[in-house]
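As C-alpha cells, the structure follows; a few thoughts come after it.
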Amino acid sequence: MTPTCCTARIVRLSLLVGIVILGIPGTAPLIEAGQGDRTSKPKQQVAATADRVPVWPLPPEQPRIRYVRSYHGVSDFKTRKAPRWKTILLGEDAPELKPLDSMVKPYGIAVSRIGRVYVTDTVARRVFVFDPEAKTVSFLGETGTARLTKPIGVAVDRDDHVFVADASANRVFGYGPDGQLLIAIGREGELDNPSGLAVDRKRDLLYVADAKKHHVLCYSTKDGSAVRTIGHRGGAPGEFNFPTNLFVDARGRLYVTDTMNFRIQVFDAEGAFINEFGTQGDTPGSLNRPKGVGVDSEGHIYVVDSSFNNFQAFDAEGQLLLFVGSIGRGPGEFFLPAGLYVDDRDLIYVADQGNARVQVFEYLKAGGR
C-alpha cells in the first residue's frame, strides 16, 4: 500500500468521523419516570414495552396510550442516493441524502376517512399529504390563484374535500380530492386571522376559529354559505379570548380551545353552550398555553399544551386522567407541540413543531381493541 493511498484513506476517514459527530442530532432515550417533566412534581406517566415502544401509564397499570410512529416528510416513504461528490469523499458507504421536502413548522392536522393525513406547515407554506396506504407524500396549495401563504387550520369533509385556513389571506380555501381549488370562504373583512378548523361530517358544517375577532364561524361545506356565529370576546361561558383550535366529535359536539381564557369550551351541534373546563396553572390538569384538542371514540378529551410540551387526557367532565410527554426529541417527547387530531381509529396525531414532525399515538381501549 503506497503512502499516498494511506494518506487519502486517513483523510477520508477523519472527514467521515467529523461529519458524523457534527451531524448527530441531540438524542434522547425512551422516557424515564420523572425525566424532563416541566409540569409538576409527580412522575411522568410513561414506560417502554419489551419491543421498545413507549406506552403510558407506567406498569403495573394497563397501558392506555401507545406510541405508533412519526411523520417528517418525503423521506418517510422515499429517499435519494448521495450525490457523486459525497460518494467520492466518503466512500461507497456514504449515507443517503435526506430530501429537502420535509416539514419545517407543522401546525394543523386532519385525517380523511380513507386514512390520508393532512398537515399544514406555516413556514413551508403548503399542506403535506401523507398516504400511508400508497406510501406517497404530495402537497396542496403550492400553485395557482389560491397559493397558500400561512396555512394553519385544516379539515376534511365526508366527500374528501379539504379545507385550509390561510391566516395571511384571511380566507378558507376548499380543495377537491384531486387538489383543485373548489371554493374560497370568507368575504372581504369577514375573517381576521382564521386559525383552527373542524368539520361536522354528518351535518356538512365547517367551523372556523377567528382568533382576532374572538368568535367561531359556521359555514356549509357544500356552498360556503354562512350558517351561524358562536360567541364574542369575554370570559363568561360561551365567550372567547383568542380561540385557536377546534374539534367535532361523533355526536356533532364542538370543542373550542379558548386559549387566553385557559379553558376548553364545549357546544352542541346547534351551537349552544354545554360546559367548560380548565384553569391557568402549572400543575397537572391545568392549562397554560392550550392549543390542539381532540376526542376519542369513548369521549376522552385530549389537549395539547405547548408550555408543558405534552398533551393531557381528560374525561367528559374535565377531570385529568393522564398526561403524555415531556420536552425532548425522542418518541413521546415534544418541543412546542401545537395541533392535535383524533381519527376514527382512535389514533392521536400531534404536531410537534419544534421537532418538525407529527407524532402518532394510539388510544388502547380496556380489554383490547
Side-chain angles (χ1 to χ4, degrees), residues 105-110 118-123 125 127 141 148-155 162-174 184-200 205-219 224 226-248 254-267 271 273 276-280 287-294 301-308 311 336-341 350-351 353-354:
K105 193 176 181 182
Y107 190 95
I109 308 168
Y118 296 82
V119 184
T120 61
D121 193 307
T122 59
V123 173
R125 299 184 178 186
V127 179
L148 299 170
T149 53
K150 192 176 181 181
I152 296 184
V154 61
V162 183
F163 298 89
V164 183
D166 192 316
S168 293
N170 290 324
R171 306 289 291 278
V172 175
F173 298 108
I185 298 173
R187 298 185 301 273
E188 184 70 27
E190 186 173 56
L191 296 172
D192 188 4
N193 195 34
S195 52
L197 300 183
V199 164
D200 184 338
L205 298 176
L206 170 70
Y207 293 96
V208 182
D210 194 315
K212 287 188 177 179
K213 289 193 172 183
H214 310 285
H215 60 206
V216 175
L217 299 171
C218 180
Y219 298 92
V227 177
R228 68 177 70 96
T229 299
I230 304 172
H232 53 81
R233 191 167 196 179
E239 298 177 343
F240 303 111
N241 191 17
F242 292 97
T244 54
N245 295 69
L246 307 174
F247 189 83
V248 173
L254 173 67
Y255 298 76
V256 183
T257 301
D258 189 5
T259 299
M260 296 309 295
N261 279 327
F262 312 101
R263 64 185 177 184
I264 302 297
Q265 296 200 63
V266 187
F267 300 82
F273 173 82
E276 63 177 91
F277 68 89
T279 56
Q280 186 180 20
L287 301 174
N288 195 51
R289 197 176 174 189
K291 289 194 174 182
V293 60
I301 305 168
Y302 303 90
V303 183
V304 164
D305 199 303
S306 60
S307 289
F308 303 152
F311 67 89
L336 298 178
L340 180 146
Y341 187 85
V350 181
Q353 281 192 314

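In this chain, numbering begins with 1 at the start of the sequence shown.
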Problem set entry | Shortest non-hydrogen separation from Glu190 to Lys213 and the atoms involved | O-NZ, 3.2 Å

For this session: Look at the side chain of Asn241 and the backbone N and O of Gly234, then say whether any donor-acceptor pair between them is shorter than 3.5 Å.
Result: no

Exercise. Can any side-chain N or O of Ser306 pair as donor or acceptor with the backbone N or O of Ala338 at less than 3.5 Å?
Worked result: no

Problem set entry | Distance-minimising heavy-atom pair for Ala167 and Ile152 | CB-CD1, 3.5 Å

Problem set entry | Under 3.5 Å donor-acceptor, His215 side chain and Ile230 backbone | no

Exercise. Gly238 and Phe273: which non-hydrogen atoms are nearest, and at how many Å?
Worked result: N-CD1, 3.7 Å

Problem set entry | From CA spacing to verdict: ring pair (Phe, Tyr, Trp, His ring centres under 6.0 Å), Phe240, His232 | CA-CA 6 Å; Phe240 303 111; His232 53 81; 8.8 Å; no

For this session: Looking only at non-hydrogen atoms, find the nearest pair between Phe267 and Gln265 and report the distance.
Result: CE1-CB, 3.7 Å

Exercise. Which residue, Asn170, Asp166, Thr120, Asn193, forms the side chain to side chain contact (heavy atoms under 4.5 Å, CB included) with Lys150?
Worked result: Asp166

Exercise. Cut-off 3.5 Å, side chains only: do Asn245 and Tyr107 have a donor facing an acceptor?
Worked result: yes

Seminar exercise, completed: Between Val119 and Pro106 the two heavy atoms that sit nearest each other are CG1-CB, 3.6 Å

Exercise. Step by step, would you call Leu246 with Leu254 a side chain to side chain contact (heavy atoms under 4.5 Å, CB included)?
Worked result: CA-CA 7 Å; Leu246 307 174; Leu254 173 67; 4.2 Å; yes

Exercise. Hey, which of Phe247, Tyr118, Tyr302 is the one that makes ring-ring contact (aromatic ring centres under 6.0 Å, His included) with Tyr341?
Worked result: Phe247

Problem set entry | Minimal non-hydrogen separation, Pro151 against Asp121, with atom names | CG-O, 3.5 Å

Exercise. Side chains of Thr257 and Ile264: does their closest heavy-atom pair fall under 4.5 Å?
Worked result: yes

Problem set entry | Distance, nearest 0.5 Å, that separates CZ of Phe242 from CE of Met260 | 7.0 Å

For this session: Compare all side-chain heavy atoms of Phe277 with those of Ile301 and state whether any distance is below 4.5 angstrom.
Result: yes

Exercise. With a 4.0 Å cut-off, would you call Asp258 and Arg263 a salt bridge?
Worked result: yes

Problem set entry | Nearest-0.5 Å distance, CG of residue Asn288 to CZ of residue Phe308 | 4.5 Å

Problem set entry | Straight-line distance of Arg125 CZ to Leu148 CG, nearest 0.5 Å | 10.5 Å

Problem set entry | Heavy-atom side-chain contact between Asp210 and Asp192 under 4.5 Å | yes

For this session: Examine distances only and state if a side-chain atom of Asp305 and a backbone atom of Arg289 form a donor-acceptor pair shorter than 3.5 Å.
Result: yes

For this session: Verify side chain to side chain contact (heavy atoms under 4.5 Å, CB included) between Thr259 and Lys291, making sure each step is shown before the conclusion.
Result: CA-CA 7 Å; Thr259 299; Lys291 289 194 174 182; 5.5 Å; no

Exercise. Can you find a heavy atom in the side chain of Arg228 that is under 4.5 Å from one in the side chain of Leu205?
Worked result: yes

Exercise. Under a 4.5 Å cut-off applied to non-hydrogen side-chain atoms, are Leu191 and Arg171 in contact?
Worked result: no

